[in-house]
Amino acid sequence: MPEHLNLSEQGALRLLSRSPHPYHHQNSELLDPSDHFNYKSLERNSSSTQSVRPGTSRENTPSSDSGTEADDEHFLKGLPAPRRLRKGLRGHNEVLSGTSTPIPSPALVEEEGRIHSYDLKREPRLGKRLRNPAEVLRRRKEVIRRLTEFLIIGFLGALVRTNVHVQPMLRQWDREIYASLGLLACLVSLYPLRLVIWAYRHGKPSRKIPISIPSSFDPAPLVYPPVIAVLVSLLLAVDNEAILVPNIILAISSLPPSLIPAASSVDQICDPLHWALSCTPLVLGEASRRLIGGGAGSFAASISVETATLLYPLHRNLCSALQTLTTTSLLAAELQLLSISLIDLLLLSSSPQAVILKSMLWVGGLDILVACTQAIQWGISLARVPKWRFKRTNTPSKPSPTFFSTIMSWRRVRHDLFHAPVDSLSCSSCEAFDDHDDSDELESIISKGLSRVQTVPDGGDSGANESQVLAFSPRRKVSSHNMDPKLVPTPLRRHTLPTTESATRKSHAHTPSGRRKRTASNSVRAFFSLTQEQAVVRKWVYAVYVYICIASAVLLPIPFVGVRVAVMDEALHGSEPVGWALGYLFGNLPWFRWEVVSRSLERWICLPPRSLDENEYYSETSWVERLRQLYLGEANTRLALSAYFAVVIVVGLMVVFRLSPIYEVDTRRKVFHFMMVAMLLPATYVDPTFVSLALSIVLALFLLFDLLRASQLPPLSKPLASFLAPYVDGRDLRGPVVISHIFLLIGCAIPLWLSLGSLPRAGTGYLKGWAVPTREVSMVSGVICVGLGDAAASLIGRRYGQRKWIWGGGKSLEGSIAFAVAVFVGLTAARLWLRIGGWPATDGNSDTWSASSQKMGVCAATASLTEAVLTGGNDNVIVPVVLWTCVKSLGV
């Protein structure tokens, strides 16, 4: 540190050091050092500052939750854990997830106006230059970043527009689509005018146009939910046109509430004007004169106009419920997309796999939330009570007297023989003995029997030093006539009061240092009357109740309540789920078939057909399908895939455990990404419906286990938390939900679910809808994006990342290039495996490898650029959807 600088200048330079103590900031994102750097004080030393390389930047801009950062993880690993609230469900007074709108509110505009006017008064010589150079540069870079993001969205729309199958849908539903786009443009363009009117109505602003967009402006809640909903629905509407209009309504419903002029200042979940605007496609289009019908497929779904009218209140109330459950774990854009996806799953699911997923999430999820919410909240409150706050058990302090001790006390014997005291007070029999403490010396008197008192003088003698005198304790009898008159204190004055200097009162609201104490909430304080043993019993009671409710939600034979009944009636055509699953997995084993037939269990366990003649569909499929039918059988193939998945998981966990003492947590986390690639990339084409069913079941189990972990109920809560603790990152510390593994699974599964929703189905009997005659590359785009692209970007970016993007942040050019190359290689491998396996493509794709390579390069570059600019959402969810949109639109 230069010695010629004063303390303030050294403090400003210290902010640019390697360790700026980032965890001291209790904000959602760390402050940039340039926000506090005093350029005015260091103006004279500007010529001696070192130049920064053009390829690097130390600015801290908001970055997405990605692994492409080239930060020093060894340095971050040594930092203490950030202060945060405990895991679990939050209370009603805590912060909810995200913000209502990414656009600056009128209050923010007025506040920034005050700040700028104060700067003008304080430093008039600055004139119009109100910001420092670093702020201006950072704002320009952020503008470039957001313009790039809007260009990517526009490019995606152009790709969807060029799709041959989408163009007829655009011509058929042009009025609804253009009305929604015009409504969005009008609301966005009118919002600045509303801000200006509000500013002039509530005061006289310092500028003519009192609008200032902050550098942290993030358009993700404004852009991604409506755009992704419309683009994805256009690609899926080729098979079922009933998907389009409901998603247009949901896109309008997902607009930020601040864009809509509010009729009243009272906060309300459903705004009447917003509700009316969401019904615009129904008023302008043909859907208002008829039901929103489905397509020609056997699994096409449709909804009525009345149901479409109620989509807005359903979406708003579902967002509110998800906010209560996830609190700060999800951002605003993620919350809107999750609500739209759940509503589409509830109303538009028709295939057996989608119906099973709907039954687990909606039926089982609602059962558990309604029955277990209060018990889980009690369990969380009880887990937050420290052990020392519980009521202590009334254990006797002295041992129970025996028969011998009641007859003759040993303390009494010692007292009679040696005059030992029986207790802390002396008895009357010992008063006759001389004690060295009973001397007339003033020192012994002071050490044993003096106390300090406060005297109030009669005559108002303020200069007297006798305001405090020594007095004798009444507990000792002392004769004052034997004392030295010089040492005897002055006679006591009248009106003497005892002083309270040494007896300070203990404050119940503040600590001794003056800091206000943290008071326990009412929900936690209610358990203070329990003993520790009673608290343990209470925890187990809550846990048993929750487990019984979970089992009842799955097995209860009540329509619309039990998951088992919902799956049997809507997905399996009346077949019992357990028997259907046994036949689905073990139906080709000879001994199993013999046991089923010999015990007459055919009505319960559904056995697959033995010969190919019973199903003519498989005679025209690929050689892999014929191999399954002739040698292995469908059920045995599923057993082989299940065993393969188990082997990959075991090997991956062994690798992770061996790497734990050697590599950082981010490197170990990428092993799970490669595990997903090893499992799903070769197996998806073999049996896509089985892989889809497996991903749905694993997702439901992940959500259930995370609920049990957050509930802090025995016996599963602590083992789950201990297993996940070494692999959490900053995204998992935002709220009660550990989202890393859940988003990893969702990112791999969403493209497969979307592709299956747009492909024709086949199959007969109890397997109707479980066969897909065609395949496409977009099925595995999520696995390629998350498993290969994100992992390669993280490993290469952290190891070799030196050049950052122009907008700064943690993303490096090397990491983005590695992302694009890995995605390109993955798409090439998927297309090659599709050709080798002999599966027929969806569109009968006859592109040459040169044309396909160009399309795959465009898809990889678009996904990599989206991952680099994205800040308002999790890249493990949004980037796979963007890549699926590109691959599906271009027909790779």
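Only heavy atoms go into these numbers, but all of them, side chains included; no hydrogens, no water, no symmetry mates.
Ionic pairing of Glu142 and Arg146 is present here: one or more N-O contacts between side-chain nitrogen and carboxylate oxygen are shorter than 4.0 angstrom. Salt-bridge formation is not detected for the pair Glu664/Arg798: no Lys NZ or Arg NE/NH1/NH2 atom is positioned less than 4.0 Å from an Asp or Glu carboxylate oxygen.
Geometrically, Arg638 engages Tyr584 in a cation-pi contact, judged by NZ or CZ lying under 6.0 Å from the ring centre and within 45° of the ring axis.
Closest of all the heavy-atom pairs between Pro688 and Leu752 is O-CD2, 4.2 Å. Thr862 approaches Cys886 most closely through the heavy-atom pair CG2-SG, 3.8 Å. When all heavy atoms of Leu382 and Lys539 are compared, the closest pair comes out as CD2-CG, 3.4 Å. Summarising the geometry of Trp807 relative to Ala868, their closest heavy-atom pair is NE1-O, 3.7 Å, with the distance given to 0.1 Å. When every heavy atom of Cys785 is checked against every heavy atom of Val879, the shortest pair comes out as SG-CG1, 3.4 Å. The two residues Ala749 and Leu695 have their closest heavy-atom pair at CB-CD1, 3.7 Å.
Taking the centre of each ring, His741 and Phe672 stay at or above the 6.0 Å mark.
Judged purely by atom type and a 3.5 angstrom limit, Ser781 has no side-chain atom pairing as donor or acceptor with the backbone of Val777. The main-chain N or O of Arg709 is found under 3.5 Å from a side-chain atom of Ser717 such that the two form a donor-acceptor pair. Judged by distance alone, with hydrogens and angles left aside, the side-chain atoms of Glu334 form a donor-acceptor pair with the main-chain N or O of Leu331 at under 3.5 Å. At least one donor-acceptor pair under 3.5 Å links the side chain of Ser864 to the backbone N or O of Ser816. Under a 3.5 Å cut-off, the side chain of Asp732 and the backbone N or O of Ile739 do form a donor-acceptor pair. Not one N or O on the side chain of Thr327 forms a donor-acceptor pair closer than 3.5 Å with the backbone of Gln323. Judged by distance alone, the side chain of His673 and the main-chain N or O of Asp790 form no donor-acceptor pair under 3.5 Å. Lys811 places a side-chain N or O within donor-acceptor distance of the main-chain N or O of Glu867, the cut-off being under 3.5 Å. Although no hydrogens or angles enter the test, the distance criterion places no donor-acceptor pair under 3.5 Å between the side chain of Asp706 and the main chain of Val737.
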List the steps, then state whether side-chain contact (heavy atoms from CB on, under 4.5 Å) holds for Tyr224 with Leu870. CA-CA 10 Å; Tyr224 288 108; Leu870 181 65; 3.6 Å; yes
Working for side-chain contact (heavy atoms from CB on, under 4.5 Å), residues Leu641 and Asp687: CA-CA 9 Å; Leu641 290 177; Asp687 197 341; 4.2 Å; yes
Which is it for Ile649 and Leu653 under the side-chain contact (heavy atoms from CB on, under 4.5 Å) test, yes or no, and what are the steps along the way? CA-CA 6 Å; Ile649 291 174; Leu653 291 178; 4.1 Å; yes
Kindly indicate, with the supporting measurements, whether the criterion side-chain contact (heavy atoms from CB on, under 4.5 Å) is fulfilled by Ser696 and Met360. CA-CA 9 Å; Ser696 301; Met360 290 187 294; 3.9 Å; yes
Evaluate Tyr727 against Arg668 for side chain to side chain donor-acceptor pair (under 3.5 Å), listing each step before the verdict. CA-CA 8 Å; Tyr727 309 106; Arg668 287 182 275 125; 4.7 Å; no
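Under the 4.5 Å side-chain criterion, counting only non-hydrogen atoms from C-beta, Ser339 is in contact with Leu322. By the 4.5 Å heavy-atom criterion applied to side chains, Leu745 and Met676 are counted as neighbours. Two residues are said to be in side-chain contact when any heavy atoms from C-beta on lie closer than 4.5 Å; Pro736 and Ser329 meet this criterion. Residues Val227 and Leu156 fail the side-chain proximity criterion, which asks for heavy atoms closer than 4.5 Å. Looking at heavy atoms from C-beta onward, Met779 lies in side-chain contact with Leu756 at the 4.5 angstrom threshold. For the pair Ile368 and Val546, the minimum side-chain heavy-atom distance is 4.5 Å or more. Counting only heavy atoms from C-beta outward, the side chains of Leu707 and Ser711 never approach each other to under 4.5 Å. Within the 4.5 Å cutoff, the side chain of Leu330 has heavy atoms near those of the Phe743 side chain.
Using modelled atom types, one finds a donor on one side chain and an acceptor on the other under 3.5 Å when comparing Ser794 with Asp666. If you check the side chains of Trp884 and Ser755, you find a donor sitting under 3.5 Å from an acceptor.
Atom CD1 of Ile806 sits in a sparse spot, with 12 or fewer heavy atoms from other residues, nucleotides or ligands closer than 6.0 Å.
Note that NZ of Lys141 and NZ of Lys804 are 10.5 Å apart. Values are rounded to the nearest 0.5 Å. Interatomic distance, CD of Glu814 versus CZ of Arg799, reported as 12.0 Å (0.5 Å rounding). Rounded to the nearest 0.5 Å, atoms CG (Leu744) and CG (Asn876) are 6.0 Å apart. The CG atom of Leu361 sits 6.0 Å away from atom CG of Leu699, with the distance rounded to the nearest 0.5 Å. Annotation: the span from Thr684 atom OG1 to Leu681 atom CG amounts to 7.0 Å, rounded to 0.5 Å. Interatomic distance, CG of Leu788 versus CZ of Phe674, reported as 7.0 Å (0.5 Å rounding).
Applying the salt bridge (charged side-chain N to carboxylate O under 4.0 Å, His left out) test to Asp344 and every residue at least two apart in sequence or in another chain returns nothing.
Residue pairs satisfying the side-chain hydrogen bond (donor to acceptor under 3.5 Å, both in side chains) criterion with at least one member in residues 745-754, sequence neighbours excluded, are listed as follows: Ser692-Trp753.
The aromatic rings of Phe690 and Phe645 lie parallel to each other, with less than 30° between the two planes, well short of the 60° mark.
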